[in-house]
Amino acid sequence: MFALVDCNSFYVSCEQAFQPRLAGKPVVVLSNNDGCIVSRSSEAKVIGIRMGMPYFQAKPLLAQHHGQAFSSNYALYGDMSRRVMGHLAEAAPEIEVYSIDEAFLNLTGMQRTESLEAYGRRLRHEVLQYTHIPTCIGIAPTKTLAKLANRVAKRYDACNHVLLLESAEQREWALKQVPVEEVWGIGRRYALKLHEQGITTAASLARVSDAWARKHLGGVVGARIVRELQGQSCLEIIPQDTDGPLARQSVAFTRSFGTPLAAYPPLAGAVAAFTSRAAEKLRRQHSATNMLTVFLGKSRFGPEPPPYTSSVTLNLPVATSDTAELIRYAQTALKKLWRPNSHYQKAGVVFDGLETAGQQQLQLFEDAGQVELRVRLMAELDQLNSRYGAGTIGFAAALAGKEESWAGKKNLRTPAYTTSFEELWRINMDGNSFS
DNA sequence: TCTGGGGTCCTAGGACCC
DNA sequence: TCTGGGGTCCTAGGACCC
């Protein structure tokens with residue numbers, strides 16, 4: 001059996017954990033650049049604020065209902081996530097941290113001491129008590145059904161945040177409650193296709209043939225979804241080592257600009273800065289890259305016609321994680337990409353083809369001592385930035401045009417209460433209130 | 001004025017080789 | 001008249017996730 005533990009309105013719940021006065025109010029958290037809504041309290045959902053809604057549209061609604069918006073504070077959310085996951089890891093034999101606010105648990109053998117339903121309720125209570133983060137928990141024989149049970153638990157008050165699907169009758173009932181577009185793995189395109197076929201609920205999707213699923217829902221992926229809905233487990237828990245960051249197969253840093261950019265110099269500055277940040281991520285997971293992509297994006301809402309993004313990919317002769325070297329390659333890519341009289345709204349740098357650092361072959365004629373020196377320089381740089389804050393030290397190329405043009409907005413951010421000494425939670429000792 | 005960011009996996013089709 | 005076929009590798013693009 002699998003459990004899927006999902007934090008409710010996670011970013012908003014993190015803000016509420018430190019500001020109890022926000023309880024019961026419409027509260028939202030904004031995406032980077034304060035662009036759109038990425039997390040909503042249930043009160044915010046009720047007044048009609050949709051996921052992904054641009055902030056400027058949500059603003060009047062929030063004002064009217066005395067709600068509040070916050071810029072996203074990833075230092076805080078990341079740390080709160082680690083606390084929640086740490087507790088879950090202690091409570092189950094195996095855990096897969098699926099996203100910042102979700103985890104799958106393997107519950108094999110857990111029924112011996114208490115019922116799975118009692119276990120789920122106890123777990124939820126403990127997480128709430130230790131972290132102030134509310135969760136919902138779905139428990140079922142497959143990961144896809146556990147996700148579905150979680151959905152139903154979120155929706156029906158009668159479930160009281162926890163739903164166990166054990167018998168065939170329970171499963172059939174739950175499948176009927178969930179629209180097909182809410183099944184894990186069914187996105188907008190597939191949902192449209194399914195509706196055209198008269199398949200509107202998870203229950204009817206569970207009855208399509210293997211061949212049909214293969215043909216119309218992306219091959220093996222679709223076939224797997226259907227089997228999992230039928231109760232046949234096809235997806236295992238993917239555990240990860242708990243110390244150090246999860247090693248990714250690609251690493252990216254992309255951002256929208258504060259204002260659209262046409263001139264080359266500030267774009268070059270932005271791309272250099274984004275390359276630096278992506279290279280830091282690379283080194284943090286002890287990887288080196290042999291493939292670099294730079295892309296530029298134009299506004300989808302402006303007068304310019306599609307395509308909205310264009311990119312250039314370079315295959316590197318030797319895998320590297322050296323910021324200076326990567327900035328040089330990125331500038332080469334940018335020169336190929338940039339067109340005069342275009343107004344760019346965003347840019348990004350992506351590294352693919354990752355290898356474990358230190359395994360790369362030395363380039364012919366390259367001086368080993370020189371390489372060693374560069375590696376140490378990067379390590380020093382990372383340490384300084386980690387101790388004194390991101391961007392304390394970096395490359396001059398990454399500064400061009402920053403303040404005037406490409407740096408984004410983040411005007412409504414709350415303090416990083418738990419990870420920054422400068423921003424610790426302050427308790428006002430001479431009054432009765434927190435400040 | 002103002003519309004996010006970072007990932008994964010899969011398939012189709014071309015290039016290339018024998 | 002007759003013009004192979006199969007395997008592998010790579011990449012672009014689609015679809016999905018949170």
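We name chains A, B, ... by the order of the sequence lines, and we start the count at 1 in each one. Note that the structure is predicted; figures quoted are calculated from it, not measured.
Remark: the A:S233 side chain and the A:T142 side chain contain no N/O donor-acceptor pair separated by less than 3.5 Å. Remark: the A:T418 side chain and the A:D79 side chain contain an N/O donor-acceptor pair separated by less than 3.5 Å. Under the 3.5 Å distance criterion, with hydrogens and angles disregarded, a donor-acceptor pair is assigned to the side chains of A:Y77 and A:E15.
Relative to the side chain of A:S250, the nucleotides B:dT8, B:dC2, B:dG6 differ in distance, and B:dT8 lies closest. Ranking B:dG6, C:dC18, B:dG7 by closeness to the A:T254 side chain, first place goes to B:dG6. Closest to the side chain of A:Q345, from the set B:dT3, B:dG7, C:dC18, is B:dT3. The side chain of A:D101 lies closest to C:dC18 when the candidates are C:dC18, B:dG5, B:dG4.
Closest-nucleotide positions on DNA chain B for A:A252 and A:M51 were compared, and the one nearer the 5' end corresponds to A:M51. Both A:G35 and A:A247 lie close to DNA chain B; mapped to their nearest nucleotides by heavy-atom distance, the more 5′-ward contact belongs to A:G35.
The two residues A:L261 and A:S405 have their closest heavy-atom pair at CD2-CB, 3.4 Å. Pairing each heavy atom of A:L292 with each of A:L326, the nearest pair is CD1-O, 3.7 Å.
No engagement by A:K193 is indicated, since no non-hydrogen atom pair under 4.0 Å with the nucleic acid exists. Within the 4.0 angstrom heavy-atom criterion, only backbone atoms of the sugar-phosphate kind lie near A:I186; the bases stay farther away. At a threshold of 4.0 angstrom between heavy atoms, the contacts of A:V183 are confined to the sugar-phosphate backbone, with no base atom among them. If you check every strand for non-hydrogen atoms under 4.0 Å, A:V350 touches nothing. Among the atoms of the strands shown, none is found under 4.0 Å from any heavy atom of A:N33. Among the atoms of the strands shown, only primed sugar atoms or phosphate atoms (P, OP1, OP2) are found under 4.0 Å from some heavy atom of A:N315. Residue A:F301 is classed as a base contact, given a heavy-atom separation below 4.0 Å to a base. Among the protein residues, A:K346 comes within range of the sugar-phosphate backbone only, with heavy atoms under 4.0 Å from sugar or phosphate atoms but none that close to a base.
Between A:K281 and B:dG7 there is a side-chain N or O to OP1 or OP2 distance below 4.0 Å.
Atom NZ of A:K154 is surrounded by more than 12 heavy atoms from other residues, nucleotides or ligands within 6.0 Å.
Between A:D210 and A:R227 there is a salt bridge, since a side-chain N of the basic residue sits under 4.0 Å from a carboxylate O of the acidic one. Remark: A:E325 does not engage A:R374 in a salt bridge, criterion side-chain N to carboxylate O under 4.0 Å. A:E280 has a carboxylate O that lies under 4.0 Å from a charged side-chain N of A:R277, or vice versa, which qualifies the two as a salt bridge.
Between A:F253 atom CZ and B:dG6 atom C1' there is a gap of 11 Å when expressed in whole angstrom units. Nucleotide B:dG4 holds its C1' atom 16 Å from the CZ atom of A:R50, rounded to whole Å. Rounded to whole Å, the distance from CG on A:D6 to C1' on C:dC18 is 9 Å. A:I37 places its CD1 atom 12 Å from the C1' atom of B:dC2, with the value rounded to the nearest Å. Straight-line distance from the OH atom of A:Y55 to the P atom of B:dC2: 16 Å, rounded to whole Å. Atom CD1 in A:I100 sits about 17 Å away from atom C1' in B:dT8, given to the nearest Å.
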Under a 4.0 Å heavy-atom criterion, the protein footprint on nucleotides 9-17 of chain B, written with B, S and -, is SSS------
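Here A:C36 contributes atom SG and A:M51 contributes atom CE; the two are 8.5 Å apart, rounded to the nearest 0.5 Å.
For A:F104 and A:F2, the ring centers sit 6.0 Å or farther from each other.
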Parsed dot-bracket for DNA chain B after applying the Watson-Crick and G-U rules with both distances under 3.5 Å and | for other-strand partners is ....||||||||||||||
